[in-house]
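Chain identifiers are assigned alphabetically (A, B, ...) following the order of the sequence lines, protein sequences preceding nucleic acid strands; residue numbering begins at 1 within each chain.
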Amino acid sequence: MSIKVYNSLTRKKEDFEPAIPGKVTMYVCGPTVYAMSHIGHARSAVSFDSIQRYLRYKGFEVKYARNYTDVDDKIINKANEEGVPPQELAERYIREFDFDMNALHVQLPDIRPKATESIKKIIEVTESLIKKGAAYAIDGDVYYSVRSKKDYGKLSGKNIDDLESGARVDVDERKNDPLDFALWKSSKPGEPFWESPWGGGRPGWHIECTAMVMEWLGETIDIHGGGKDLIFPHHENEIAQSEAATGKTPYVKYWLHNGFVNIEKEKMSKSLGNILNIRDALVDHTAEAIRLFLLSSHYRSPIDYTRDSLRDAEAGVERFYKTVQRVAAECPTALEAISCHSCVQERLDEAFSPMEDDFNTAEVVGNLFKEMSRMNRALDDAKAGKGPKGHKEELSYSLAIINEASKFLGIFDRTPEEYFSDKNSRTSVPAEEIEKLIAERIAARASKDFARADAIRKELLDKGIVLEDSPKGTTWSVKTQ
RNA sequence: GGCGGCGUGCCCAAGUGGUAAGGGAGCAGUCUGCAAAACUGCCAUUCAGCGGUUCGAAUCCGCUCGCCGCCUCCA
């Protein structure tokens, strides 16, 4: 069975066949590093992380690059405001981004190129575009001529005349056409610059990706990803300049674009002031719940980040780890057998088959919850001494399936202890206080003072702490908000 | 104005021709001193509406209504 991917370029699902069988070159647009990254960056990163993980899981040899745009007007402006060198600011936000990605269990791409490290290549490509008549230099700036490419607009489905009638583009009298975009911008005094045949300057936005792709992956690649908003103009321009420079078509075989994250039904935007930073989201929710939330919808659909959906996701993660704890307590030998999964290959294939259809992580997640129900049922049956025999096998098969899925979903890959220690750190109530009250309640229960016991339960619940009694004692956890 | 997408139960969300996954919430039951968790049962004869194609459609086509994104920096 071959993988099918939705290609933004053709607007169809296509069989995934990389240029070189068994090998995949993949490039995803990373952040412009001038501020803390937000939940939208998280979605893109997590979506493509699960995709590259899955391709590897299926045995492809993947070469995956995600860039950092570390030279840009926004970076320069922010650096000036703070009075620090632009490069220092960029480096700082690269570290912050990496921190967030690590928290979200996003694997490091094989290559993480920075725009400023590909200046030589950028100049080289720009020069070749001028030579080929696809670009022109004016007063130290270099522009790409959109009219020089007959199929300009093929990715976004736009045509040049429609775009111009929109009149929402800068009118620069020096440009041959209002839609022409900058490949190279001359620097103003005080701005960072690199020497070039056109004088001191810096690269335009779109050219950096072309240069980095060519420098690290090749003149044509299999997959290029990014947010839907990048389709126009960024990726459209990238195609134009890349294909013009190399004469090779297509520059990218499969274009993949992830949908947007809304916040409580509203688009995230600076004007609404509802930009949600990953760092802030991590205060309220575990990284795993955020990741599960992101993977619970198809990567191309718009999703709505709400308190309710995150609470649902947290409950889902908790359900998994509670189930694992149950297995550990009631049938520990099942945990030892989970590496034997060749015997459940058919069930694995069935559970993971949605990934073959344009990486449908949402359906796989649904299948994993079915396995959790099976496990709990098996445990109940075993306890009651009923149901078919082979509970241990049943448990280890289900665990194996979830275990395998965790390799490409990047969730359900911790121990229950790690998860609960993460979750239970989210309370302002000191652990000693909780422990003290629990001890008091145990004493009250022992002397049948249930009124006192219930009062303590209530008191802690009001503070967001849930108590659970079991034959082994009383445990506590932070209530899911 | 141009281009694209979406509308599935209380909420979230799969399902693109074969008769509605899954999660959360809710209700009832088992269990529990009480809870929690878990399990069991209930919870869409129906997939925005109306037509059409088909033996058969949430899935294909047309129209209508509603929502959204891009066209400007943006994941």
Check the pair A:F408, A:F352 against ring pair (Phe, Tyr, Trp, His ring centres under 6.0 Å), reporting the backbone distance first and the verdict last. CA-CA 10 Å; A:F408 56 86; A:F352 300 167; 5.0 Å; yes
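- In this structure, A:K267 reaches the bases: a heavy-atom distance under 4.0 Å links it to at least one base atom across the strands shown.
- Within the nucleic acid shown, A:S37 has no heavy atom closer than 4.0 Å to any nucleic acid atom.
- Across all strands, A:F260 comes closer than 4.0 Å to base atoms (heavy-atom distances).
- Within the nucleic acid shown, A:G366 comes within 4.0 Å of at least one base atom, counting heavy atoms only.
- Within the 4.0 angstrom heavy-atom criterion, no nucleotide atom of any strand lies near A:D73.
- Rounded to a whole angstrom, the distance from the C1' atom of B:G49 to that of B:C6 is 16 Å.
- Comparing B:A20 with B:A13, their C1' atoms are spaced 13 Å from each other, to the whole Å.
- Contact of A:N262 with B:C68 (side chain to base): no donor-acceptor pair of N or O atoms is detected under 3.5 Å.
- No contact: A:V365 has no heavy atom under 4.0 Å from any strand.
- Separating the CZ atom of A:F352 from the P atom of B:A14 is a distance of 19 Å, rounded to the nearest angstrom.
- A:H298 comes within 4.0 angstrom of the backbone, heavy atoms only, and of no base.
- Rounded to a whole angstrom, the distance from the P atom of B:G22 to that of B:A44 is 14 Å.
- Scanning all heavy atoms of the two residues, the minimum distance from A:E264 to A:D304 falls at N-OD1, 3.3 Å.
- Separating the P atom of B:A21 from that of B:C47 is a span of 15 Å, rounded to the nearest Å.
- Backbone-only engagement by A:S373 is indicated by non-hydrogen atom pairs under 4.0 Å involving sugar-phosphate atoms exclusively.
- At most 12 heavy atoms of other shown residues, nucleotides or ligands fall within 6.0 angstrom of atom NZ in A:K479.
- Interface remark: the A:R445 side chain does form a donor-acceptor pair with the B:G33 base, using a distance-only criterion of under 3.5 Å.
- Taking a cutoff of 4.0 Å between a charged side-chain nitrogen and a carboxylate oxygen, A:K458 and A:D462 qualify as a salt bridge.
- Contact annotation for A:R374: no contact, since no heavy-atom pair falls under 4.0 Å across all strands.
- To the nearest whole angstrom, the two P atoms, one in B:C61 and one in B:U54, are 16 Å apart.
- Both A:E363 and A:R311 lie near RNA chain B, and the one whose nearest nucleotide falls closer to the 5' end is A:E363.
- A gap of 16 Å separates the C1' atoms of B:C43 and B:C12, to the nearest Å.
- The aromatic rings of A:H285 and A:Y305 sit perpendicular to each other, their planes meeting at more than 60°, with 30° as the lower class boundary.
- Side-chain N/O atoms of A:D454 and base N/O atoms of B:G33 include a donor-acceptor pair closer than 3.5 Å.
- Among the atoms of the strands shown, only primed sugar atoms or phosphate atoms (P, OP1, OP2) are found under 4.0 Å from some heavy atom of A:F232.
- Contacts of A:K383 with the nucleic acid, taken as non-hydrogen atoms under 4.0 Å apart, are absent.
- Applying the 3.5 Å distance criterion, the base of B:A75 shares no donor-acceptor pair with the side chain of A:R43.
- Straight-line distance between the P atoms of B:G9 and B:U59: roughly 15 Å, to the nearest whole Å.
- In the interface, the side chain of A:R307 is not paired with the base of B:G24 through any donor and acceptor atom under 3.5 Å apart.
- Nucleic acid contact for A:L379: none, since no nucleic acid atom lies under 4.0 Å from a heavy atom of the residue.
- Screening A:W184, A:W205, A:F181 against A:Y144 for a ring pair (Phe, Tyr, Trp, His ring centres under 6.0 Å) leaves a single residue, A:F181.
- B:C67 and B:C34 have their C1' atoms separated by 47 Å, given to the nearest Å.
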